[in-house]
Every structure is written in C-alpha cells, then in structure tokens.
Amino acid sequence: MTTRRDFLRLSAAAAAAGCTLRATSAFAAGAHDGIDYGVQLYMVRKEAPKDLAGVLKKIRAIGFTQVELYPIAYTHQAAELKAMVEDAGLGHDSAHFDFDSIPARIGYAKELGLKYMVCSILPEKYWGGPGNFKAAAYNLNEWGKLVRNAGMKLVFHNHNYEFKRLPDGETGFDVLMKNTDDDLVKLEFDLYWLIQAGQDPAMMMKKYRNRLVMIHLKDRVADSPVNYRPQDEQHITELGKGSIDWAPLISQARAQGVKLAFVDQDETKLPTFEAMKIDFDYLNGLKLR
C-alpha cells in the first residue's frame, strides 16, 4: 500500500517541477450551506497521472466545486495546470506541498493565484521529540512570513503522529502550536486523523478557531483503535458509512468561518469515483445546523 508519506517521498522529483494553484470565485457557485465541498487530489493519485484533465472533469461531474491540488499535478506548467482545472469548472484555492519544497514553490504558487499553501506532512525526522518539532515550527514560521509577503497563507495539515505523547508529557502538536505564530501558520484540520489520535475534533476546532481555515473529511470504521501511525489507513471508509457524526462538526466549522471542506479518502475498497460519489451524495444530503 502506498501511504501519503511514501507518496510524498516518491513524488519529490515531480514536486520539483512546480507548485499549485488557486481557483477563481467564478467556480464557487456550488457551495452547500456556505461550505464549498472539494476533493484532495491525493484521493485520485492512481488515476490522475493517466488523464489529469479527465479526472478533474469527473470530480466536477460528481458535483464537487473545488479541488485541492497535490504534487502529482505539478509536472504541468502553471498556466497549463490552471487552465486544466478551470476548464473542468473547478475552483482551486488550496494545494498541498512537501514540507521541504515550500520556500522554492512560493513564486509558482503566487503565479497561479493560490490562496493557501498547505504543508501536508512533516518528514519523519521531525517526529522524534520536542526539539524536532521546534525545529519544524521554526521553519514553518519563517516560511509563513514569505508566504504572507506573497499574498497567501501557509497552512499546516495534521495527521495522527503529532498527538503521540512526548517524554515531557506534551504532544508534538502542542509544541508546533506553541512555537508558531497564529497569523503565520494556519490550520487545516483532518477530522478523521484527529479522532484516530484520540482527540475531540469539536474541542480542537474551538480551541484553534483563530487558526482554522479548512477541514478534511473521511469517515472512520466503528470501534477502530486509536493509534499514531499515519500509514494505518484501513480504518477509513466513505462518509456516512462510519462512526463520525458529521452534521454537528461541519456545522461548527461553518459557524467558525470555515468555507472549504475537502474529501480526502486516502484508501477506498470501492473504485475511487464510486466511493467519491457516495461521499458527495452524503454531503449533498447533509442538513447542517
């Protein structure tokens, strides 16, 4: 199984070719109850290399109005990639980047009009202890200044490894939050990974409301054990088929000003687009409070 961490490692060469994008508001008309639902391109990492334009059109045909880009798309020149996404009728406000690639990708992101540059995962060398997480935080702060100066926002996307207790009793996430500036490093909470790490997503969204700008969605098989391994993806399922009560969580996010929510179903037992359609239909029928 190729995990997100493995894929980031394998895609380093492709990421060197470019960055990502942003969507114009012209494509944001499909918002549901004030939230634009989109798809993180990692979900279609197997299909996208064969026909990225076709994949984007399928995402839009299902009903999603946004796509969050991923390094697999960055072999395309900025103008070509932007046209491809917009021709599919999709918005592209956000995109994920390999941690180490962020400084070099700022110019490309600015050229594309990206709104959010997201650090998708920390390299494993930063997971070891407080000092490691502090070093990562230092880099994020410095890069956050550069990203802000370019007219965008730097965002950190969580998994579950950050919530493992360190020898001093804190978690790596605690260290990251204490050592990064609220204005320089925003958050994209993956609600599944919060729960997988034993966290209360409603409490976390409230606690970090000043940083939270986006959320990720995938459901969790009932009675799955808490763990801190981001490669442990067998507990993921389609929205509405798992144990997460989505209506209050998405309603809370919306009330806190979140306008973007991305389906990020890392693994699917069903064909990818079949699973994606189940995810969309569930969200489309969801009654927010």
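We use all heavy atoms of the structure for the numbers below, so side chains are in, but hydrogens, waters and symmetry mates are not.
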For a 4.5 angstrom cut-off between non-hydrogen side-chain atoms, does Asn158 reach Leu187? no

For the atom pair CG (Asp266) and CG (Asp264), what is the distance rounded to the nearest 0.5 Å? 5.0 Å

With no hydrogens and no angle check, is any side-chain donor or acceptor of Asn132 less than 3.5 Å from a backbone partner on Gly129? yes

Co-membership, hydrophobic cluster, residues Leu283 and Val44, 4.5 Å side-chain: yes

Judged by atom type as modelled, is there a donor-acceptor pair below 3.5 Å linking the side chain of Gln256 to the main-chain atoms of Met205? yes

Between Asp174 (side chain only) and Thr171 (backbone N and O only), is there a donor and an acceptor less than 3.5 Å apart? yes

Ring centroids only, cut at 6.0 angstrom: are Phe280 and Phe64 within range, meaning strictly under it? yes

Tell me if the centroids of the rings in Tyr108 and Phe97 come within less than 6.0 Å of each other. no

Smallest separation among heavy atoms of Arg289 and Pro248, with atom names: NH1-CB, 3.4 Å

Heavy-atom side-chain proximity of Ile106 to Val147 below 4.5 angstrom: yes

Below 3.5 Å, can you tabulate the donor-acceptor pairs from side chains in residues 240-247 to any protein atom, sequence neighbours excluded?
| from | atom 1 | to | atom 2 | distance (Å) |
| --- | --- | --- | --- | --- |
| Ser243 | OG | Arg220 | O | 2.9 |
| Trp246 | NE1 | Asp219 | OD2 | 3.3 |

Judged by atom type as modelled, is there a donor-acceptor pair below 3.5 Å linking the side chain of Asn160 to the main-chain atoms of Asn227? yes

Same apolar cluster: Trp127 and Val226, side chain cutoff 4.5 Å: yes

Which atom pair, heavy atoms only, marks the closest approach of Met117 to Ala109? SD-CB, 3.8 Å

Value rounded to 0.5 Å, distance of CG in Leu81 from OH in Tyr74: 8.0 Å

Testing His157, Gln40, His96 one by one against Glu188 for a side-chain hydrogen bond (donor to acceptor under 3.5 Å, both in side chains), which residue passes? His96

Should Phe133 and Asn179 count as side-chain neighbours, where that means a heavy-atom distance under 4.5 Å? no

Are the side chains of Pro225 and His235 in touch, meaning some heavy atoms are under 4.5 Å apart? yes

Looking only at non-hydrogen atoms, find the nearest pair between Leu260 and Val258 and report the distance. O-CG1, 3.5 Å

To the nearest 0.5 angstrom, please state how far the CG atom of Leu288 sits from the CG atom of Leu249. 11.0 Å

Are any of the side-chain heavy atoms of Asn139 and Phe99 separated by less than 4.5 Å? yes

Does CG in Asn149 sit with more than 12 non-hydrogen atoms of other residues, nucleotides or ligands closer than 6.0 Å? yes

Kindly say whether Met177 contributes a backbone atom to a donor-acceptor pair with the side chain of Arg211 at under 3.5 angstrom? yes

Provide the closest heavy-atom pair for Glu162 versus His159 in the form atom of the first, atom of the second, distance. OE2-N, 2.8 Å

Candidate pair Glu47 and Lys58, rule salt bridge (Lys or Arg N to Asp or Glu O under 4.0 Å), full reasoning: CA-CA 11 Å; Glu47 296 83 2; Lys58 286 181 181 179; over 6 Å; no

Phe173 vs Tyr208, test: ring-ring contact (aromatic ring centres under 6.0 Å, His included). Steps then yes/no. CA-CA 12 Å; Phe173 192 81; Tyr208 294 104; 5.5 Å; yes

With respect to Leu56, which candidate in Val39, Leu90, Asp51 satisfies the side chain to side chain contact (heavy atoms under 4.5 Å, CB included) definition? Leu90

Is the shortest side-chain heavy-atom distance between Phe262 and Val118 below 4.5 Å? no

Could you tell me whether a side-chain N or O of Asp93 sits under 3.5 Å from a main-chain N or O of Tyr116, the two making a donor and an acceptor? no

Spacing of Ile278 atom CD1 and Leu239 atom CG [to the nearest 0.5 Å]: 10.0 Å

With rounding to the nearest 0.5 Å, note down the distance linking CG in Asp279 to OG1 in Thr237. 8.5 Å

With the side chain counted from C-beta on, respond yes when Pro130 and Asp168 share a heavy-atom pair under 4.5 Å apart, and no when they do not. yes

Is there a donor-acceptor contact under 3.5 Å from the side chain of Gln252 to the main chain of Ala202? yes

Parallel, tilted or perpendicular: ring planes of Tyr70 versus Tyr42, cut at 30 and 60 degrees: perpendicular

Can you name the closest pair of heavy atoms from Ala261 and Leu217 and give their distance? CB-CD1, 4.0 Å

Under the 3.5 angstrom rule, does the side chain of Trp143 hit a backbone N or O of Val185 as a donor-acceptor pair? no

To the nearest 0.5 Å, atom CD of Glu267 lies from atom CD of Gln234 at 10.0 Å

Lys218 vs Trp193, side chain to side chain contact (heavy atoms under 4.5 Å, CB included): CA-CA, chis, key distance, verdict: CA-CA 9 Å; Lys218 47 183 167 273; Trp193 286 120; 3.5 Å; yes

Is the side chain of His216 donor-acceptor paired with the backbone N or O of Asp190 at a distance under 3.5 Å, no angle test? no

What verdict does the side chain to side chain contact (heavy atoms under 4.5 Å, CB included) test give for Lys110 and Met152, after you've listed the backbone C-alpha separation in whole Å, the side-chain angles of each residue and the deciding distance to 0.1 Å? CA-CA 8 Å; Lys110 182 176 175 62; Met152 300 171 288; 4.2 Å; yes

Exam field: side chain Glu68 to backbone Gly38, donor-acceptor pair closer than 3.5 Å: no

For Tyr37 and Asn284: C-alpha separation, side-chain torsions, deciding distance, then whether side chain to side chain contact (heavy atoms under 4.5 Å, CB included) applies. CA-CA 9 Å; Tyr37 291 125; Asn284 195 42; over 6 Å; no

